[in-house]
Amino acid sequence: MSPQHRTAAFEGCVTVYNKGEDTSVPRQFDVVIERDSEGYYVASVPQLPACHTQARSLDEVTERIREAIELCLEVEGAPEQDLEFVGIQRVTIAA
């Protein structure tokens, strides 16, 4: 998806529970959801740079990003630094 097709649509927070034997420690991740030119919702997690997914509906993309976060944590482990979500800002430049 090229940057010109990205439109900020929603920012939310997803809580993921670690799958341990005795512990269920929740971790929260900020999720940015955008809609592309074909109508798909595209979700990404700034704290996990390789964590992205897409779906046709907001409910489906929320479910898929939860799964993607869990997989990213299994493969890459927890992020080294915690980033605090500040906000989204749209910047316009002449191209």
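Position 1 is the first residue of the sequence, and the numbers go up from there. When reading the values below, keep in mind they use all heavy atoms of this one structure, side chains included, and skip hydrogens, waters and symmetry mates.
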Could you list the residues that satisfy salt bridge (Lys or Arg N to Asp or Glu O under 4.0 Å) with Glu60, not counting sequence neighbours?
-> Arg64
Side-chain cluster (under 4.5 Å, hydrophobic types only) that Ile93 belongs to, other residues | Val91
From Gln54 CD over to Asp36 CG, what is the distance, rounded to the nearest 0.5 angstrom?
-> 6.5 Å
How would you list, by chain and number, every residue that makes a salt bridge (Lys or Arg N to Asp or Glu O under 4.0 Å) with Asp59, sequence neighbours excluded?
-> none
Val61 to Ala43 - nearest heavy-atom pair and separation | CG2-CB, 3.7 Å
Only counting residues at least two apart or in another chain, list the ones meeting salt bridge (Lys or Arg N to Asp or Glu O under 4.0 Å) with Arg56.
-> none
Rounded distance (nearest 0.5 Å) linking atom CD of Glu70 with atom CD1 of Ile65 = 11.0 Å
Arg66 CZ to Phe29 CZ distance, which is reported to the nearest 0.5 Å | 11.5 Å
Identify, with sequence neighbours excluded, every residue that meets side-chain contact (heavy atoms from CB on, under 4.5 Å) alongside Gln81.
-> Leu83
Full working for side chain to side chain contact (heavy atoms under 4.5 Å, CB included) between Gln47 and Ile69 | CA-CA 10 Å; Gln47 297 108 310; Ile69 291 169; over 6 Å; no
Residue list, side-chain contact (heavy atoms from CB on, under 4.5 Å) with Cys72, at least two apart or on another chain = Leu48, Cys51
pair Pro49-Glu76: side-chain heavy atoms closer than 4.5 Å = no
